[in-house]
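Order of the sequence lines sets the chain letters (A, B, ...), proteins ahead of strands, with each chain counted from 1.
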Amino acid sequence: MPLLVLDEGGALRRAGLEDYVEAVKALVSLVPVGRVTTYSTIARLLGVSPRLAGRALSLNPEPIVYPCHRVVRSDGGLGGYSVGGAPFKEGLLRLEGVPVEGGRVDRVYIIDEPEELLDP
DNA sequence: CATCGAACCAACC
DNA sequence: GGTTGGTTCGATG
């Protein structure tokens, strides 16, 4: 059963990409500076596939307001970035105090448990 | 460690 | 109907 949401008219409809974008924006805003989370974690919280989570993030090209750059792959790899690509993403992470070695973020900086995000 | 293939789900062709 | 993504996971070398 897919996720359902209410539209402006109060009618129940299937969630679309736009809805997931809203959801991921809210979630990445919870990630503290100096830490990152993963596509997998976000996907599990939303109950969608990791790919869909990535797609939702790529649809929101506002890196400053909503820090999509704090989302990396579950193996520590950077993953992609819609604006400026991975190099720009890497730069942003460094600025926030997250070291990137060999194209990877150390596991200690990664939040991969939902509770860690919800009850910091 | 590196690569491979299948599964993921909405959007787009 | 088939392809495509800011991916993942297990299996295999």
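For dC8(B), there is no paired nucleotide, since no Watson-Crick or G-U wobble pair has both relevant distances below 3.5 Å. Under the Watson-Crick or G-U wobble criterion, with both distances below 3.5 Å, dG6(C) is left unpaired in every strand shown.
Atom P of dG2(C) sits at a distance of 16 Å from the matching atom of dA6(B), rounded to the whole Å.
Here the side chain of L17(A) is nearest to one of dA10(B), dC8(B), dG6(C), namely dA10(B). Out of dG6(C), dC9(C), dA10(B), the shortest distance to the side chain of Y20(A) is found at dA10(B). Closest to the side chain of R55(A), from the set dA10(B), dC8(B), dC9(C), is dA10(B).
The distance from atom CG of L46(A) to atom C1' of dT7(C) is 14 Å, rounded to the nearest whole Å. The nearest whole Å value for the distance from the CG atom in L59(A) to the P atom in dA10(B) is 15 Å. For the pair I42(A) CD1 and dG5(C) P, the interatomic distance rounds to 21 Å; values are reported in whole Å. Counting to the nearest Å, the P atom of dT7(C) and the CG atom of L57(A) are 10 Å from each other. Taking atom CG of residue L78(A) and atom P of nucleotide dT7(C), one finds them 11 Å apart after rounding to whole Å. Whole-Å rounding puts the R44(A) CZ to dC9(C) P distance at 7 Å. Atom CG of D75(A) is separated from atom P of dG10(C) by 13 Å (rounded to the nearest Å).
When the nearest nucleotides of DNA chain C are assigned to L52(A) and T38(A) by heavy-atom distance, the more 5′-ward of the two goes with L52(A). Comparing R51(A) and R14(A) by the nucleotide of DNA chain B that holds the closest heavy atom to each, the one mapping nearer the 5' end is R51(A).
Y39(A) contributes a side-chain N or O that forms a donor-acceptor pair with the base of dG6(C) under 3.5 Å.
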Practice problem: Could you walk me through whether R70(A) and E96(A) pass the salt bridge (charged side-chain N to carboxylate O under 4.0 Å, His left out) test, one step at a time? | Solution: CA-CA 10 Å; R70(A) 289 188 205 147; E96(A) 298 186 345; 2.8 Å; yes

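Side-chain atoms of R44(A) come within 3.5 Å of backbone N or O of D112(A) as a donor-acceptor pair.
Taking only side-chain nitrogens and oxygens, S58(A) comes nearer than 4.0 Å to OP1 or OP2 of dG6(C). Distances shorter than 4.0 Å separate some side-chain N or O of S74(A) from OP1 or OP2 on dC9(C).
In this structure, CD in E18(A) is found 13.5 Å from CG in D7(A), a value given to the nearest 0.5 Å. Taking CG of D75(A) as the start and CZ of R104(A) as the end, the distance is 4.5 Å to the nearest 0.5 Å. One finds the CG atom of N60(A) at 7.5 Å from the OG atom of S82(A) (value rounded to the nearest 0.5 Å).
Side-chain N/O atoms of H69(A) and E90(A) include no donor and acceptor closer than 3.5 Å.
Of the residues in residues 104-116 of chain A, not one comes within less than 4.0 Å of DNA chain B through any heavy atom.
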Sequence neighbours excluded and cut-off under 3.5 Å, please list the side-chain donor-acceptor pairs for residues 19-27 of chain A, or say none.
{"unit_1": "D19(A)", "atom_1": "OD1", "unit_2": "R13(A)", "atom_2": "NH2", "d": "2.9"}
{"unit_1": "D19(A)", "atom_1": "OD2", "unit_2": "R13(A)", "atom_2": "NH2", "d": "2.7"}
{"unit_1": "D19(A)", "atom_1": "OD2", "unit_2": "G16(A)", "atom_2": "N", "d": "2.7"}
{"unit_1": "E22(A)", "atom_1": "OE2", "unit_2": "K25(A)", "atom_2": "NZ", "d": "3.2"}

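When heavy atoms are screened at a 4.0 angstrom cut-off, R73(A) is found touching the sugar-phosphate backbone but no base atom. Nucleic acid contact for G85(A): none, since no nucleic acid atom lies under 4.0 Å from a heavy atom of the residue.
Using a 4.5 Å cut-off between side-chain heavy atoms of Ile, Leu, Val, Met, Phe, Trp and Tyr, V98(A) falls into a hydrophobic cluster with V36(A), V72(A), L78(A), L93(A), V100(A), V105(A), V108(A), Y109(A), I110(A).
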